[in-house]
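For clarity, every value in this text was computed on a predicted model and none was experimentally measured. The first residue in the sequence is number 1, and the count goes up from there.
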Amino acid sequence: VHGDLHLGNLHGSPDPARIFLLDLQRARRPRGARARAQAQLEDLADLELALSRAGWSARARAMVRSGVKPMGDFDAALVR
């Protein structure tokens, strides 16, 4: 789990299907499937907020999420 996911920590590549994560100092490996799934949801919610604040359309944000396939209640993670 990245732990600090926002636009400044993403780097695009020539292949538009690939994104590189930067600034891994807060990355961690949660113990257990439930903790890992929750932490991944929180990372995605942080990214969603960053993209929204940067003016990305709902469609563009959905395209980013579609490649990740969050497990759990993404909408609940957004309101935390």
Hey, what do you get for CZ (R59) to CZ (R61), rounding to the nearest 0.5 Å? 13.0 Å
Spacing of CG belonging to L44 relative to CG belonging to L49, to within rounding of 0.5 Å: 12.5 Å
CZ/R29 to CZ/R36 distance, rounded to the nearest 0.5 angstrom? 6.5 Å
What's the spacing between D43 CG and Q38 CD if we round to 0.5 Å? 11.0 Å
